[in-house]
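All values reported here derive from a predicted model rather than from experimental measurement. Note that these values count all heavy atoms, side chains included, but never hydrogens, waters or copies made by symmetry. Just so you know, ligand 1 is whichever comes first in the structure, and atom 1 is the first atom listed for that ligand.
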Amino acid sequence: MDHKNKKKTKDMSEKQITVTSPLLPNLDEFNEMLKEIWASKWITNNGSFHQQLEKALAEYLKVPYISLFTNGTLPLLTALQALRITGEVITTPYSFVATTHSIWWNGCKPVFVDIEEDTCGIDPDKIEAAITPKTTAIMPVHCYGKPVKMKRIQEIADKYGLKVIYDAAHAFGVEVDGESVLNAGDMSTLSFHATKVYNTLEGGALIMHDEQTKKRIDYLKNFGFAGETEVVAPGINSKVDEVRSAYGLLNLRQVDAAIEKRHQVAVKYRDALRNVSGIRFFDDIEGVRHNYSYFPVFINKDEYGISRDDLYFKMREANVLGRRYFYPLISTFSTYRGLPSATPDNLPVATRLANEVICLPMHHELSDGDIERVLDVIKNK
Ligand SMILES: *Cc1c(COP(=O)(O)O)cnc(C)c1O
């Protein structure tokens with residue numbers, strides 16, 4: 001008893017291990033770029049660093065066209081606008097709220113479809129039953145950066161004449177057989193928020209496949225301006241400034257090293273957790289370039305002994321902060337819970353996984369000691 005109390009006090013005094021830590025550029029290098037911006041006095045509206053970042057990201061991500069946005073929510077809103085999506089949009093409740101909010105903000109009705117256990121993405125087998133004459137689009141999510149079944153989804157979309165907009169906020173740099181997942185569907189969106197693998201403080205992007213669409217998107221993110229006096233569409237303001245573009249250029253140089261550090265953390269977690277009964281996690285998939293953006297584990301209470309929430313609070317006691325991504329499901333929030341598709345009966349897998357999941361600390365700065373502390377809490381429950 002004494003020993004236990006002592007240990008608890010010790011843990012509390014140890015440094016807090018957070019679920020993520022932002023990738024930050026070297027401050028001196030950033031300062032040099034700030035001096036250039038100050039000298040040029042061109043601080044926003046498609047400046048030089050903005051243009052460089054779009055070019056560098058298109059190359060890095062292996063996509064033909066990209067348009068930068070001020071966060072990861074506006075490209076979702078804008079993609080739905082650009083494709084003139086109306087009526088009903090099929091999506092999943094197992095995501096960050098912005099996915100469904102973007103549908104709602106466009107005056108469309110979200111229709112929730114359950115997810116698959118192995119990808120945490122939309123279950124293609126359940127899409128067709130959710131299609132009605134009002135359905136115009138599907139918005140799948142590459143949850144945790146795990147690629148969803150893009151080929152199956154496209155077949156269904158083609159059969160029913162639907163657009164596909166991927167919320168790829170988690171899928172920065174993810175490739176299947178050397179091809180970026182961002183090239184699937186009609187458009188894909190990214191988030192460069194501080195908590196993501198790659199950040200520009202706040203930021204995001206929309207990925208499209210042709211020059212004409214890129215042009216339209218660039219008008220839309222600048223109030224619809226197509227020239228000094230010509231407004232061609234009811235646009236919005238989502239222009240990225242030079243300071244964030246410079247920051248983004250510097251972070252792009254170190255993102256591969258950060259992903260490799262995350263990979264090493266994932267390897268250590270997996271090695272240690274493989275023999276803990278009642279804990280499920282994802283292994284790498286052959287042919288996929290993963291980005292290790294999250295490390296979700298799923299707790300089977302009967303086999304593991306305690307519930308996900310019990311473990312979550314035990315971790316907090318030890319100053320180890322996991323996050324219950326994605327709990328609660330979007331379909332349970334007040335705006336959406338009245339929708340016919342929002343019932344737990346319609347969403348059995350998502351409902352169960354939301355109650356089992358906990359994302360372990362995962363970032364480029366975790367030390368072996370940190371990893372050990374995380375694993376100690378899980379093993380000595
Ligand atoms: C982070 C995130 C967003 C929103 O991105 P912001 O940059 O925070 O606006 C959208 N969808 C998913 C799945 C996300 O994780």
Test item, Gly204 contacting ligand 1 (heavy atom, 4.0 angstrom) | no
Which protein heavy atom lies closest to atom 11 (N) of ligand 1, and at what distance to 0.1 Å?
-> Asp167 OD2, 2.7 Å
Specify the protein heavy atom at minimum distance from atom 5 (O) of ligand 1: its residue, its atom name, and the distance to 0.1 Å.
-> Ser191 OG, 3.2 Å
What orientation do His101 and Tyr336 show, parallel under 30°, tilted 30 to 60°, or perpendicular over 60°?
-> tilted
Ring centers of Phe282, Phe298 separated by less than 6.0 Å | yes
Taking C-beta and beyond as the side chain, do Ile207 and Thr189 meet within less than 4.5 Å on heavy atoms?
-> no
Considering only non-hydrogen protein atoms, determine which one is nearest to atom 3 (C) of ligand 1 and report residue, atom name and distance to 0.1 Å.
-> Phe96 CD2, 3.7 Å
Any N or O on Gly72 sitting closer than 3.5 Å to an N or O of ligand 1?
-> yes
Proximity winner for atom 14 (C) of ligand 1, if only heavy atoms of His193, Met139, Lys196 are counted | Lys196
Identified side-chain hydrogen bond (donor to acceptor under 3.5 Å, both in side chains) counterpart of Ser48 within the set Gln51, Gln52, His50 = Gln52
Which of these, Asp125, Asp118, Asp123, sits in a salt bridge (charged side-chain N to carboxylate O under 4.0 Å, His left out) with Lys149?
-> Asp118
Measure the distances from the heavy atoms of Cys143 to every atom of ligand 1 and state whether one is below 4.0 angstrom.
-> no
N or O contact, Tyr294 vs ligand 1, cut-off under 3.5 Å | no
Starting from atom 4 (C) of ligand 1, locate the nearest protein heavy atom and write down its residue, its atom name and how far away it is, to 0.1 Å.
-> Thr73 OG1, 3.6 Å
Looking at His170 versus Tyr294, is the centre-to-centre ring distance below 6.0 Å?
-> yes
Six-ring centre of Phe172, Lys196 cation under 6.0 angstrom, axis tolerance 45° = no
Measure up the Phe225 and Phe223 rings against each other and bin them: parallel (under 30°), tilted (30 to 60°), perpendicular (over 60°).
-> perpendicular
Counting each atom of ligand 1 from 1 as listed, which ones have a heavy atom of Gly203 under 4.0 Å away?
-> 7 (O)
Purely on distance, is any nitrogen or oxygen of Ser95 under 3.5 Å from one on ligand 1?
-> no
Check each heavy atom of His170 against ligand 1 and say whether those closer than 4.0 Å belong to the side chain, the backbone, both or neither.
-> side chain
The protein heavy atom nearest to atom 12 (C) of ligand 1 is Ala169 CB, 3.4 Å
Derivation and outcome, side chain to side chain contact (heavy atoms under 4.5 Å, CB included), residues Ile217 and Met187 | CA-CA 11 Å; Ile217 296 296; Met187 292 187 198; 4.1 Å; yes
